[in-house]
Every structure is written in C-alpha cells, then in structure tokens.
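Below, chain A is the first sequence line, B the second, and so on; all start at residue 1.
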Amino acid sequence: MPELPEVETVKRALDARVCGLDIVKVETFSPAMRTSLAPLSAAGLEGRRILGVRRRGRYMVMDLAGGKSLLMHLGMSGVLRVEPPSVPRRKHEHIFFHLSDGSALRFECTRRFSICEPCDCAGGCWPSALDKLGVEPLSEDFTADYLFGASRGHTGNIKNFLMDNSIVVGVGNIYAAETLFTAGVSPLRRACDLTSAEAEKLAVAVRATLEAAIRAGGSSIRDYRHLDGSEGSFSLQLKAYGRAGEPCPVCGTAIARITQSGRSSYYCPKCQK
DNA sequence: CGGACAACCTGGTTGC
DNA sequence: TGCAACCAGGTTGTCC
C-alpha cells in the first residue's frame, strides 16, 4: 500500500509518539500476517522501552532497549494507529502493543501482506533481509549519474525500472507514474534508451515528488491513514495516477491507462515522450 | 541474469 | 438483488 512518503510519514509520527514509552503487553488476535505472529509474545518484547523508529525503503525498524528490534512493513494495506485499547478492535487489527502511557500501538492489515517480526539489528544496522535494497531516493547517493548508470543494460521499461527496489527504494506504482509525468518521460520507454538529460530530469522529479508527498503527509488512496486515523492530502495533487480519461493538467489530452507487468500505468500520451 | 508474471489475501467496485 | 469479474499502493518465487 504505502510507498516511501507514506512510510516516512508513519515513521516520523511513530517516532515522535511512542519513543520513550515501554511496551507493557503484546496482544495478538489472529494467526499470521505474512509471517507468523507467534514469536512476538515469545520474543520478550514486553517490558522493553522503545528507543526510536528508523526507515529503510518501505521497511521500518523499531529499536527497543536491550538490543531487540521490531521489523515492520505495511505491505499493501497495513495501518498503524496509536489509540486507546478500549476502542473496539477492527476486523483486521492483528496486534496490540499496549504502551506504558495507557495507549496502544495497533497494527491493522486487511490483506495480510504486512510484516511485523522481531529482529536483532541494534546499533543502527539493518536486518540482512534488507541487504539487497538499492539507494535511498532522498539521500545524496541518489544522483542523475547513478540513475543513468544503473539504467544501462536494462532493457525493460523505465516504469518497472523505477519500481525496482534493488535500484532505488520506495518508488511504487503511484509515484512512478507521477515521477514519469513530471519528467515528461513515457512509461513505455526502455530504461537503457534514456538519455543522460532524461535521467537528470527523472532524478530531480523523483526527489521533488517524494519530498512534496512527504510534506503533504502522503497519499491516501485507499487504506493508508496517519497514526491518528487522518488522511494524507497528496492524492489531491496527483497529476496522472488514477486519472484515466481526465485531461492532462498541462496539455488537456486525456490521460491514458495501460497495463505494464500486470499493474496499471497512467500517463499523458502527448507530454510524455 | 534480466524480465515477465503468478501468487500471497481480502474487500470494494463494476457490470451483466 | 445476485453474482462473477476485475481491481487495488508490495514482495517473492518461478519460469523462460
């Protein structure tokens, strides 16, 4: 569900809200998201203080006192909320972390694609499962040169290339569409055919789009919600994604919808070359 | 190896 | 109203 701006928004809010609190009790309600929840209670999370939350790609790691951490991924439909445990449990809320201020961190996941499992990655390192992730698009390592170099030899289309997490993390279906629109590049182009000037435009567009989306608190298309249940507003600024048939905001041509690798792509056939 | 695609799971929307 | 088909923001494994 969430791409980088949504996860970053959740991460920031979570870090600000639960840092310094203790996990008093862990309550699990239904067996398994993608990984079993059974180890959660056995992992000795209860009684540990929350030290902080960090993000790598779409993964979040919540560090706890004593060298334990919790690896979390929201999948397609994961929602984290901090609210009183007395609020009636929703149908797909799988875990309650009861916190020392009386609130609960509640993990909801309708489609069960999420991950929430203990890991040993204290001291700022990351679980080995994240080893193959590419560069962070908001880091100084993500440059036009990097993007151009990485695209050489990739004969697949540029849209799938942007969504390849071993190249650059956090760009999913929504922001791939928005980025390509902003850069004026057709999603049908082969990655290896990009010029260095186009790679430059794309790198700038990726950074600008993600930063603008973070400022707006992410895009709430379907399930995505903030920690308090409110919605992100960037969906109002989407120029191409989900707008098939609507006029392009630049030239008025109808936005087209096509399928690439089984997923919908939206673009302006006139502006995007 | 790169790239296309199915599978994982549930629910909402669309269309007959 | 009923029901089937299709769609959905991610990741992983399989096949060619």
Side-chain angles (χ1 to χ4, degrees), chain A residues 1-10 29-37 55-60 71-80 90-94 107-117 127-134 137 150-181 187-193 206 209-210 213-214 216-226 231-245 257-266:
Chain A
M1 133 210 174
E3 304 182 31
L4 189 142
E6 291 74 38
V7 180
E8 177 65 19
T9 301
V10 169
F29 298 98
S30 37
M33 292 193 269
R34 197 166 59 191
T35 55
S36 169
L37 299 185
R55 178 190 65 74
R56 176 82 175 90
R58 277 168 272 217
Y59 294 84
M60 285 181 288
L71 177 66
M72 298 185 287
H73 192 297
L74 298 175
M76 294 271 262
S77 57
V79 177
L80 283 169
R90 296 164 184 84
K91 184 176 179 183
H92 297 288
E93 281 186 310
H94 305 301
F107 205 137
E108 178 184 43
C109 180
T110 300
R111 291 170 71 181
R112 295 172 178 253
F113 289 175
S114 295
I115 291 171
C116 185
E117 61 185 17
S128 57
L130 279 55
D131 284 349
K132 291 175 186 166
L133 293 180
S151 67
R152 301 304 90 179
H154 279 261
T155 56
N157 64 62
I158 184 63
K159 192 242 192 174
N160 284 353
F161 176 77
L162 283 176
M163 290 173 62
D164 184 341
N165 279 299
S166 68
I167 306 293
V168 55
V169 296
V171 179
N173 212 33
I174 292 179
Y175 296 110
E178 294 304 294
T179 294
L180 287 165
F181 178 87
L188 293 162
R189 292 276 298 284
R190 297 204 307 178
C192 59
D193 289 342
V206 166
T209 303
L210 296 180
I214 290 171
S219 305
S220 297
I221 301 292
R222 285 184 177 73
D223 308 319
Y224 172 71
R225 292 295 180 275
H226 292 169
E231 300 189 9
S233 66
F234 193 73
S235 30
L236 302 174
Q237 298 179 48
L238 295 177
K239 299 184 177 83
Y241 181 85
R243 299 198 181 278
R257 173 179 176 270
I258 59 173
T259 298
Q260 294 180 291
S261 299
R263 325 203 68 139
S264 293
S265 296
Y266 302 86

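- Note: A:H73 and A:Y59 have perpendicular aromatic rings, judged against thresholds of 30 and 60 degrees for the angle between ring planes.
- Between A:E6 atom CD and C:dA8 atom P the separation is 16 Å, expressed in whole Å.
- Put simply, A:F113 does not rest on the base of C:dT11: the two rings are not both less than 5.5 Å apart at their centres and under 30° in tilt.
- Residue A:R58 has its side chain nearest to C:dG10 when only C:dG10, C:dA8, B:dG11 are considered.
- The CG-C1' distance, from A:D193 to B:dG3, rounds to 15 Å in whole Å.
- Straight-line distance between the P atoms of C:dA5 and B:dA7: roughly 15 Å, to the nearest whole Å.
- Atom-to-atom, CG of A:D223 to P of B:dT13 comes out at 11 Å; the value is rounded to the nearest Å.
- Heavy atoms of A:G172 sit under 4.0 angstrom from primed sugar atoms or phosphate atoms, though from no base atom.
- Each of A:P187, A:C192, A:S151 was compared with A:F161 under the side chain to side chain contact (heavy atoms under 4.5 Å, CB included) criterion, and only A:S151 meets it.
- With hydrogens and angles left out, the side chain of A:R263 and the base of C:dG10 share a donor-acceptor pair within 3.5 Å.
- A donor-acceptor pair is defined here as one N or O able to donate and one able to accept, closer than 3.5 Å; such a pair exists between the side chain of A:E178 and the backbone of A:Y241.
- For the pair A:M72 CE and C:dG10 C1', the interatomic distance rounds to 17 Å; values are reported in whole Å.
- Rounded to whole Å, the distance from CD1 on A:I258 to C1' on B:dA4 is 15 Å.
- Taking side-chain N and O atoms only, A:N165 has no distance below 4.0 Å to OP1 or OP2 of C:dG10.
- Distances shown here put a side-chain N or O of A:H73 below 4.0 Å from the OP1 or OP2 atom of C:dT11.
- Pairing for B:dC9 is absent, with no Watson-Crick or G-U wobble pair whose two atom distances lie under 3.5 Å.
- Straight-line distance from the NZ atom of A:K132 to the P atom of C:dT12: 9 Å, rounded to whole Å.
- A donor-acceptor pair is defined here as one N or O able to donate and one able to accept, closer than 3.5 Å; such a pair exists between the side chain of A:R55 and the backbone of A:G57.
- Minimum atom distance to the side chain of A:S261 is reached by B:dA4, of the listed B:dA4, C:dG10, B:dC9.
- One N or O on the side chain of A:E3 and one on the backbone of A:G172 form a donor-acceptor pair closer than 3.5 Å.
- For A:T110, counting side-chain heavy atoms from C-beta on, the closest listed nucleotide (B:dA4, B:dG11, C:dG10) is B:dG11.
- Across the protein-nucleic acid pair, A:R55 atom CZ and C:dG10 atom P stand 14 Å apart, rounded to whole Å.
- We find that CG of A:D131 is positioned 12 Å from P of C:dT12, with the value rounded to whole Å.
- Checking the phosphate oxygens (OP1, OP2) of C:dA8, a side-chain nitrogen or oxygen of A:S264 falls inside 4.0 Å.
- At the phosphate of B:dC9, neither OP1 nor OP2 sits under 4.0 Å from any side-chain N or O atom of A:H92.
- For A:M163, taking side-chain heavy atoms from C-beta onward, the closest of the listed nucleotides B:dG11, C:dA8, C:dG10 is C:dG10.
- The base of B:dC9 has none of its N or O atoms less than 3.5 Å from a complementary donor or acceptor on the side chain of A:R112.
- For the pair A:R257 (side chain) and A:S264 (backbone), a donor-acceptor distance under 3.5 Å is absent.
- Contact annotation for A:S219: base contact, defined as any heavy-atom pair under 4.0 Å involving a base atom.
- Across all strands shown, A:Y241 has heavy atoms under 4.0 Å from sugar-phosphate atoms exclusively, and none from any base.
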